[in-house]
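Accompanying notes for the structure given below.
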There are 2 protein chains.
Amino acid sequence: MVENDQGVVASKATIARLPGYLGYLRDKQAEGVENISSTAIAEDLRLNAVQVRKDLAFVSSVAGRPKLGFAVSDLILDIERFLGYDNVTDAVLVGAGGLGRTLMGYEGFKTYGLNIEAAFDVDSDLIGRRVHGKPVFALEKLPGVVKRLNIHIGIITVPKQVAQSVADLLVGAGIKAIWNFAPTHLQLPEGIAVKNEDMAASLALLSKKLSEILKADAPHQKGA
Amino acid sequence: MVENDQGVVASKATIARLPGYLGYLRDKQAEGVENISSTAIAEDLRLNAVQVRKDLAFVSSVAGRPKLGFAVSDLILDIERFLGYDNVTDAVLVGAGGLGRTLMGYEGFKTYGLNIEAAFDVDSDLIGRRVHGKPVFALEKLPGVVKRLNIHIGIITVPKQVAQSVADLLVGAGIKAIWNFAPTHLQLPEGIAVKNEDMAASLALLSKKLSEILKADAPHQKGA
DNA sequence: TCCAAATCGATAAAAAAATATCGATACCGA
DNA sequence: TCGGTATCGATATTTTTTTATCGATTTGGA
């Protein structure tokens, strides 16, 4: 739960939906749409219209107008401001392997207000080189760089066996938020934000949905 | 919401937590632990013990024993069975760029019961080659391959501009579940399972947590 | 053998999130 | 100009999810 300026409270679920609205609204704006109703957004994004109105009311004081809806450009500005996409946050990445390099090359992060300053690895073939324009340093250099650049976010893209020790290193260096792509649960002290990018959980949900669909499609297979 | 054999109902949240339990229990088993209590699991995974017991009761009929807890090996078996990790599901991937190749090379999917059979792309430099041992075909070949191998899952790792058309192609080919890594919301017909791997949403949540932590750490900066 | 302690499983309560309802309002077309 | 209507925003309700409570039970040690 998070409070905004007015003391209104929003759920985590609301915050998680905001980037979705933003992307959708940017697309609409590019199409030349100037106003849009909560009904229309809800239909396209497969959400409930009341939920959309509540979510938008949380980040924006823009009033929706009957018969017209909301001004797209105003909404975009307010969501961007709320999500902090206007002021970029710096991050470091640990583990310049396949996934790490992919993230380093992902242009979309700019749009999300995230900037990966540097990467760290133990592989001597990588150290000293640049990947997508970003330097790769030896892991030992991490505390110095993090402190010098006053970086708050660490991205972990190492094998799970070493994820915990990397997390400890990051925390020791003063990192306050960890985006963990390793498939393991990290033990961290209080006061550190973590988000696990849990592909296994996603896959589990998808598989369950799929098995229900397959069951529904072919419900009479008892004798097969 | 999903029903199990006994008609007991589990939330999506429960299903999303199951892979976490599984990974944790496998680690414990490797350490030689034979029994574990819900209390201990909850503490390590930062969950509520009651929630852990409920989650486990949903997938497993294994009874926990007072003072001892649950038999680790039994739990592992039951969770694997529930998640379908025992019988591997085949998938195709569209978009053999950076992220696509990373996923193709990810060994962990085996553990999750997922097998990427083949990839598809429009880049003629990639077509006909193999990436991490898996063939890359021209996009036009997709319907034939999907139908011939009777594949149900499609993974989308293309730029967002073409994600919708790829989704349409997959659905047309008979795919029933889509794992979407493109940062866009797909319009799909009823009866198709989708899971959006939404990094922007994750990042939004992490950023909000971080800003609260920073606020708490330095609450008296008004005059700065 | 018996007692203390830890844990379970069931039920109840609380919290969080999603959805429904409804009067008010501003737009659009006749 | 005026009536019909889509939409809003506020409030109420329902549903879902999490957390608390508590008696019952089994183990391990005195």
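Numbers restart at 1 for each chain; the letters A, B, ... are given by sequence-line order, proteins then strands.
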Quiz item: Can you give one letter per nucleotide of nucleotides 22-30 of chain D, going 5' to 3': B for a protein heavy atom under 4.0 Å from the base, S for sugar-phosphate only, - for none?
Solution: ---BBB---

Practice problem: For the pair B:D55 and B:Q51, evaluate side chain to side chain donor-acceptor pair (under 3.5 Å) and give the outcome as yes or no after the intermediate values. | Solution: CA-CA 6 Å; B:D55 287 345; B:Q51 189 171 65; 5.5 Å; no

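Here the side chains of B:D27 and B:V33 are not in contact, with every heavy-atom distance at 4.5 Å or above.
Here the side chain of A:N180 pairs a donor or acceptor atom with the backbone of A:A182 at under 3.5 angstrom. A donor-acceptor pair under 3.5 Å is absent between the side-chain atoms of B:Q29 and the main chain of B:V72, judged by distance alone. Put simply, the side chain of A:T89 never gets that close to the backbone of B:S207: no donor and acceptor are under 3.5 Å apart.
The separation between A:N35 atom CG and D:dA6 atom P is 17 Å, rounded to whole Å. Rounded to an integer number of Å, the gap from CG of B:L45 to C1' of D:dT18 is 16 Å. One can place CZ of A:F70 at 17 Å from P of D:dA6, the figure rounded to the nearest angstrom. One interatomic measurement links the two molecules: CD1 of B:I41 to P of C:dT7, which rounds to 11 Å at whole-angstrom precision. Regarding A:E43, its CD atom lies at a distance of 13 Å from the P atom of D:dA6, rounded to whole Å. Between the C1' atom of D:dT13 and the CG atom of A:N48 lies a distance of 13 Å, rounded to the nearest Å. Remark: C1' of C:dA17 and CG of A:L47 are 13 Å apart, rounded to the nearest angstrom. Per the geometry, CD belonging to B:Q51 stands 18 Å off P belonging to C:dA14, to the nearest Å.
For B:E80 and B:R26, the salt-bridge test passes: some basic side-chain N is under 4.0 Å from an acidic carboxylate O. The pair A:E212-A:K215 does not meet the salt-bridge criterion, since no charged nitrogen lies less than 4.0 angstrom from a carboxylate oxygen.
Closest to the side chain of B:K54, out of C:dA20, C:dA17, C:dT11, is C:dT11. In this structure, of C:dA10, D:dT18, C:dT19, it is D:dT18 that holds the atom nearest to the side chain of B:R17. Distances were taken from every side-chain heavy atom of A:V50 (C-beta onward) to each of C:dT7, D:dA20, C:dT19; the shortest belongs to C:dT19.
No engagement by A:A49 is indicated, since no non-hydrogen atom pair under 4.0 Å with the nucleic acid exists. Backbone-only contact: B:S38 has heavy atoms under 4.0 Å from sugar-phosphate atoms and none from a base.
Within the 4.0 Å cut-off from OP1 or OP2 of C:dA16, not a single side-chain nitrogen or oxygen of A:S11 is found.
With a 6.0 Å cutoff to the six-membered ring centre and a 45° limit on the axis angle, B:K208 counts as a cation-pi contact of A:F82.
For A:K110, the salt bridge (charged side-chain N to carboxylate O under 4.0 Å, His left out) partners are A:E107, not counting sequence neighbours.
Terminal axes of the helix from C:dT1-D:dA30 to C:dA30-D:dT1 (five pairs each, C1' rotation axis) are separated by 20°, to the nearest 10°.
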